[in-house]
Amino acid sequence: MDKHQKYNIVILNHHANAPDVGGGGRHYEIAKYFSELGHEVTVLASSYDQGKKQYRVSEEINEIFFNEKFKFVRLKTKPAYKRMTGRFINYINYKNKVTKYENFNQKPNVIIASSVHPLAWEAGYKYSRRYNAKFIVEVRDLWPLSMYEDFSGITRKLIFSYFESLEKKYYNLADGIITTAPYANEYMEEKYGIEKNKIFYIPHAIDIEEFDKQIESHEDILLPELNEILDNKFCVTYTGALSKSEGLPTFVESAKYLKKYKDIILIVIGNGPEKEKLLKIIKSENLDNVLLLEKQPKNNVPLILKKSEVLFCGLLEREAFKYGISKNKFYDYMAAEKPIIFASNVRGSLISKAKAGITIEPGNAKKLSETIIHMYENIDSVGKDYSKNGRLYVEENHTVQKISERFLEIISKS
């Protein structure tokens, strides 16, 4: 890679976010790193917050500079949606509005178009043709495979036919393909005949310095009830979306086997569609050893993780998971230097690979409770080993610097 060559990079990601409205993430962090090396970077995102179902800013076009070489642009895509139909219309609107945006400081010579949805690839390819730029497709979700369980019958057939046509077209047109799933190359090679040397695995990253700064926050930032429990109990904690794929009912159900262990408390922090189901389990099983809390401010999460004894993550069986996964949660958990219990059959468990904890089968509350007890009884021996291994692994493999440098290598090769 020519470290002296400077690129003018445009990143398309519908759901990208930034710290000025309480967010951040993969493309903000990578773009910031690129800009600090002297590359010109523009991120093009939607201003609609899918999680909160509201706009982050009111303007039709919101432009903010994080430094003189890094501009973050939010486009007011419509409609404000709550259901799948509105969501797809919003995606189409993003594609249309993105391709009309031209307020770049310099002519782009690299376009990185990132899914969640592949309409970003269509817009990215148009940019690459307009500016004669390199076209990099990033695949963070294997569309339409990631939606396989959400549809059936003729609806699934129609949706799959459409999105598979986009996959085939833009995988072939791309100068390079970046994927966050470690085995996604197999899917692309087998289904579309894409050459392996065109596909590159780049997992997610963590700004570990910022994470450590947030751990140093004063404990007063936490809810008094949460702080007291973290200080006085053996806390097994989950933070994140309360979505169906996370296997949280099994986590909560495991608490019924832990009642005689008065020190052990399970903590679930977040919002999402599974919340009512979790509340019903807590009520029906009369569980006084589970604390369910609303989503906490992002900056509070590192301290919550650090004050916990064990961290939980789960994933149910899904068609797309056969090609592996890359979850931001893993890197937060490992950075917190705590042992992890991962309840999943996903191929190539990173928790096992990093020796950062124990991977068990999903959907087995009794087995999960036994694993929690094992951690409880061995926290000062194997628990410490898992903790150190996880922290070392994330430092060596998943910092923003290492991941961003990998992006630049691929840009130079493509």
To the nearest 0.5 Å, how far apart are OG1 in Thr239 and CG in Asn300? 11.5 Å
Separation of Ile11 CD1 from Phe72 CZ (nearest 0.5 Å): 9.5 Å
Residues that [X] engages under ring pair (Phe, Tyr, Trp, His ring centres under 6.0 Å), provided they are two or more places apart:
X     : result
His14 : Tyr91, Tyr94, His117
Tyr48 : Tyr55, Tyr81
Phe66 : Tyr28, Phe70

Using a distance-only test with no angle check, is there a side-chain donor-acceptor pair under 3.5 angstrom linking [X] and [Y]?
X      : Y      : value
Asn67  : Glu36  : no
Asn132 : Lys107 : no
Gln214 : Glu210 : yes
Tyr192 : Glu164 : no

So do [Y] and [X] actually touch side chain to side chain, heavy atoms under 4.5 Å?
X      : Y      : answer
Glu225 : Leu293 : yes
Thr359 : Val346 : no
Met334 : Ile206 : no
Leu230 : Ile267 : yes
Gln5   : Ser412 : no
Gln106 : Lys6   : no
Leu242 : Leu248 : yes
Ile111 : Leu12  : yes

Does [X] [atom1] have over 12 foreign heavy atoms under 6.0 Å away?
X      : atom1 : answer
Lys367 : NZ    : no
Lys53  : NZ    : yes
Arg130 : CZ    : yes
Glu209 : CD    : no
Glu228 : CD    : no
Lys32  : NZ    : no
Glu68  : CD    : no

Test item: [X] side-chain N/O and [Y] main-chain N/O as donor-acceptor pair under 3.5 Å:
X      : Y      : result
Ser308 : Leu311 : no
Thr399 : Lys402 : yes
Lys196 : Glu186 : no
Asn109 : Asn8   : yes
Asn93  : Lys78  : yes
Asn289 : Ala255 : yes
Asn389 : Ala354 : no
Thr99  : Lys95  : yes
Arg74  : Ser46  : no
Lys97  : Lys76  : yes

Among Tyr386, Phe251, Phe330, Phe312, exactly one meets ring pair (Phe, Tyr, Trp, His ring centres under 6.0 Å) together with Phe342. Which residue is that? Phe330
Ring pair (Phe, Tyr, Trp, His ring centres under 6.0 Å), paired with Trp121, selected from Tyr171, Tyr127, Phe135: Tyr171
So which pairs with a foot in residues 197-208 pass side-chain hydrogen bond (donor to acceptor under 3.5 Å, both in side chains), sequence neighbours left out? Arg26-His204
Which pairs pass side-chain hydrogen bond (donor to acceptor under 3.5 Å, both in side chains) with one or both residues in residues 330-339, sequence neighbours excluded? Ser326-Tyr331
Using the side-chain hydrogen bond (donor to acceptor under 3.5 Å, both in side chains) criterion, which residues pair with Ser128? Sequence neighbours excluded. none
Using the test side-chain hydrogen bond (donor to acceptor under 3.5 Å, both in side chains), find all partners of Lys213 that sit at least two apart in sequence or belong to another chain. none
Can you sort out the partners of [X] under side-chain contact (heavy atoms from CB on, under 4.5 Å), two or more places apart, ordered by chain and number?
X      : answer
Leu279 : Lys275, Glu276, Leu292
Lys277 : Pro249, Glu274, Ile281
Asn103 : Glu63, Lys71, Tyr101
Ser165 : Tyr162

Are Lys384 and Asp380 close enough, and set up right, to give a side chain to side chain contact (heavy atoms under 4.5 Å, CB included), and what steps lead you there? CA-CA 6 Å; Lys384 284 187 176 179; Asp380 291 327; 4.0 Å; yes
Relative to each other, are the rings of Phe34 and Phe407 parallel, tilted or perpendicular (30° and 60° limits)? perpendicular
Which residue pairs pass the ring-ring contact (aromatic ring centres under 6.0 Å, His included) test with at least one member in residues 222-244, sequence neighbours excluded? Phe234-Tyr376
Let's go through Ser114 and Arg140 carefully: what are the C-alpha distance in whole Å and the side-chain angles of both, what is the deciding distance for side chain to side chain contact (heavy atoms under 4.5 Å, CB included) to 0.1 Å, and is it a yes or a no? CA-CA 7 Å; Ser114 179; Arg140 290 181 299 130; 2.8 Å; yes
Identify the two heavy atoms, one from Ile340 and one from Met375, that lie closest to each other, and give their separation to 0.1 Å. O-CE, 3.9 Å
The test is side chain to side chain contact (heavy atoms under 4.5 Å, CB included); show your working for Lys52 and Asn271 and say whether it passes. CA-CA 10 Å; Lys52 295 181 178 178; Asn271 297 328; over 6 Å; no
Starting from the C-alpha separation in whole Å, work towards a yes-or-no answer on salt bridge (Lys or Arg N to Asp or Glu O under 4.0 Å) for Lys191 and Glu167. CA-CA 10 Å; Lys191 192 170 184 67; Glu167 276 191 321; over 6 Å; no
Apply salt bridge (Lys or Arg N to Asp or Glu O under 4.0 Å) to the pair Glu409 and Arg406, showing each step before the final yes or no. CA-CA 5 Å; Glu409 286 178 19; Arg406 181 71 175 132; 3.3 Å; yes
